[in-house]
Amino acid sequence: MYVGQPIDRIDGRHKVTGAALYAAEFPQPDLVHAVLVQSTVAAGEITGFDQSAAAGMPGVLAIITPDNAPKLNTDKKAQQTVTAPLLQDRSVLYNGQHVAVVVADTFERATAAGATLRVQYRAGEAVTDMHAALSQAYPPKRFRNGERSPDSTRGDPDGAFNGAALKVEATYETPTEHHNPMEPHATIARWDGDRLTVWTATQAISGAQRTLATMFGIDPEQVLVICPFVGGGFGCKGNTWPPATLAAMASRVVGRPVKLVVTRQQMFTSNGYRPATVQRIRLGADADGRLVSVRHDGITQMSQPALGEFAEPVALATEMLYACPNAAITHRLVGVHAGLPTYMRAPGEASGVFAIESAMDELAVAAKLDPIELRLRNYAEADPSNGKPFASKPLRDCYARGADAFGWAKRDPAPRSMRDGRVLIGCGMATTTYPTNRSQAEAKVRLNADGSAIVQTGSQDLGTGTYTVLAQVAADALGLPLHRVRVELGDSRLPPAPGSGGSQTAASVASAVLAASEAARAEAIHLAIADRGAAWGGADPGSFDFRDGIISGPPGRVGLSDVLGRHGVRQIQQSATTSPGDAKKTHSLHSFGAHFAEVRVDPDFGTIRVSRWVGAFDCGKLLNAKTAESQLKGGIVFGIGMALLEETRTDPETGRITNANIAEYLVPVNADVPDIRTIVVDSADPVTTPLGIKGIGELPTVGVAAAIANAVYHATGVRVRRLPIRLEDVLMA
Ligand code: MOS
């Protein structure tokens, strides 16, 4: 069995040798280069362009502005379609908005001409800080694609709170954050007549195909999207953002293939961000710490509505995390002059669970209870938001095994009680949860007479190991050595598969690959029985084994190549489409886990170091213990960044992002990350997928910031309710 084993990535050698090609690296004859020109005001209108100098510069092929840009079909709100800013009008809605595209024969000449282009504005009044506009918060129009209300209430949360013995009321804040994958957005676009080919960095080749077809008014079949490798996405490559569409527009204008690579600075204004939040939490409990009332009011930053809508669902986890008869959640938006926000690793949960799991720690202090004991007293056996049973929920095991591995029992619960010399030591924990998502997917398996197989599906590998885990699933089902299975992804001509977001890729696509592989295996056995005629007639196909190209069973054995040869066929082909079925109707589908953090705080300098980490997770059955561990560790590192480093800063006067680079936008480096121990509790989830898998990518990020904030409280006695936690927050006399 390959499934579950810690197998190296099958594409690892390609990546380290440079043989793996990313979107910007596909050679094209006659290729020219496009660069984006961005607004320098946050609001208002473009009154004119002075192109005289730029247009005459060497190599310049086109200057595309709202005055001459081809009209796009931006009315249809196709899924994952971002319809602005696409040079369709002269309005300016944020500082850094694309206002022109310059195309030249080299990147350097395009950049120089772009810098020379003069844009005149009539600047309008801009709102740049959501905190200044909280009173204008409004409910989202299409929360969760219109599938549910942004607000919900069960029982009587206000009445129960008023009568509660223990109360916690606090506001938690998180800043705007940017994804910063290693690979920036990049697109090469080429038109052949009315057919468009794009090599583009995307988490959803299917979404890119639909969006570009919609924009240019052509059929999806006329758009070919190629993306065999993605250098990280974390959500910012989920939608098809304007740079991809503008590359295709530029190619149409100049009639040549165009490459558009977004600069690192432009990555801060081109493809969404995790919006800032202000979250008010109110918990009421009885004297034993049993929750009687939970309330979570989340306000998140939005752009101007003309750019679209994105509502970060910060309070959804609060609704289902703990047993409590009375609960209310609300979601509100505050529009500012900034780009459209978007999904960023665990959108909703990452920000929201920081708030609720910090508040639970505050309640544990108020109740004089160990934080784990508090959580066990409020353990939800079924989903309290809808009464459905959880498909699986071994969260008690996560608490127990994580606490044991961490040595939680050795913690002295009093704040400022643990020291190593002059350095304060703090231990904190938090729960994590994330929904288990799955979508319809199709896969095709070709089993060749020579004992090799090709697996095809229109998914994409974000760097998480999709190629590898699909090869493992197919190799097991087909009885083949792993190296005889080739997996093809990242091409819109392959069978349709969903976008890679919401941690759903493995659950969706591995299910389809399993079904197609099993169908191919069944056909091989069927053909063999038929091939042997009367000798094997009436044999039960279920009694046969198929391994290394040999079909064997009670009546005897035969090689697949012989069988296929006699039938005059070179390969067996099977496709399968799988869908999640009714699992979500009958069950609540979530993964869970518990984080345990140790921090060391220098009381004189306020420096906070994460010194130890244990995370125990229920993420279903693992397809690959090595890629799973990498994702779990990467998710925790992502959370450490959120807790202590990451913050996008905006100049309140101009609305301009002031740290749009990875020198000043801080992300964790090795020195910021301790040895991380991850534990995966034994839990197959047979309800969600036939393979028992639940998805991993986002779960480990959720709860990390709360565990660190709780550890900082334990170390210092200072409760920090605003991220990132800064040294000045904990400096004390
Ligand atoms: Mo993820 S933020 O759903 O790419």
Side-chain angles (χ1 to χ4, degrees), residues 79-80 82 144-145 147 174 176-185 200-208 211 227 229-241 244 267 270-277 300-301 308 310-314 316-317 339-354 432-439 441 459-466 489-490 497-509 580 589-591 619 630-632 634-639 641-642 646 648 667 694-705:
Q79 206 190 345
Q80 291 165 320
V82 178
R144 311 300 281 168
N145 290 320
E147 282 163 20
T174 62
T176 290
E177 295 161 7
H178 276 81
H179 314 72
N180 281 303
M182 277 199 284
E183 180 201 27
H185 272 267
T200 190
T202 179
Q203 291 175 234
I205 60 167
S206 48
T211 298
C227 178
F229 294 96
V230 184
F234 311 117
C236 77
K237 294 170 181 165
N239 290 325
T240 302
W241 291 92
M267 286 293 288
S270 300
N271 35 254
Y273 54 91
R274 193 198 295 282
T277 73
T300 65
Q301 184 188 306
F310 179 79
E312 180 106 4
V314 291
L316 291 187
L340 181 67
T342 194
Y343 333 98
M344 180 162 153
R345 201 170 192 170
E349 284 76 11
S351 307
V353 169
F354 163 64
T432 169
T433 188
Y434 192 77
T436 305
N437 296 308
R438 186 184 163 194
S439 298
S459 185
Q460 45 281 313
D461 190 331
L462 310 190
T464 48
T466 308
L489 305 173
S500 292
S503 303
Q504 70 166 349
T505 303
S508 307
V509 183
L589 310 178
H590 282 266
S591 44
C619 39
S630 293
Q631 282 213 66
L632 293 170
I636 292 165
V637 173
F638 213 89
M642 179 180 187
E646 295 190 46
T648 303
V667 295
K694 284 195 183 187
I696 301 178
E698 321 200 66
L699 176 74
T701 295
V702 180
V704 169

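Both counts, for ligands and for their atoms, begin at 1 and track the order of listing.
- Shortest non-hydrogen contact noted between Glu177 and Tyr273 is O-CB, 3.3 Å.
- Each of the following atoms of ligand 1 lies closer than 4.0 Å to a heavy atom of Tyr343: 2 (S).
- At distances below 3.5 Å, not a single donor-acceptor pair connects side-chain atoms of Gln460 with backbone N or O atoms of Gly490.
- Below 30°, between 30° and 60°, or above 60°: for Phe310 and Tyr343 the angle between ring planes is above 60°, a perpendicular geometry.
- Close contacts between ligand 1 and Arg345 involve ligand atoms 2 (S) [criterion: under 4.0 Å to a heavy atom].
- For atom 3 (O) of ligand 1, the closest non-hydrogen atom of the protein is Gly502 N, 2.6 Å.
- The residues Glu646 and Arg274 are annotated as not salt-bridged, no charged nitrogen and carboxylate oxygen being separated by less than 4.0 angstrom.
- Counting all heavy atoms, side chain and backbone alike, Ser351 lies closest to Glu312 at OG-OE2, 3.7 Å.
- Taken to the nearest 0.5 Å, the CG atom of Asn271 stands 8.5 Å off from the OG1 atom of Thr342.
- At under 3.5 Å, a nitrogen or oxygen of Gly235, whether backbone or side chain, sits near a nitrogen or oxygen of ligand 1.
- Using 4.0 Å as the threshold, Gly238 has no heavy atom nearer than that to any atom of ligand 1.
- Closest protein heavy atom to atom 1 (Mo) of ligand 1: Glu698 OE1, 3.3 Å.
- Within the listing of ligand 1, atoms 2 (S) sit less than 4.0 angstrom from a heavy atom of Pro347.
- Atom CG of Leu340 sits about 10.5 Å away from atom CD of Gln301, to the nearest 0.5 Å.
- An N or O contact shorter than 3.5 Å is missing between Ser503 and ligand 1 by distance.
- The atoms of ligand 1 that sit less than 4.0 Å from any heavy atom of Phe234 are 2 (S), 4 (O).
- With a 4.0 Å heavy-atom cut-off, ligand 1 is reached by the side chain of Gln203 but not by its N, CA, C or O.
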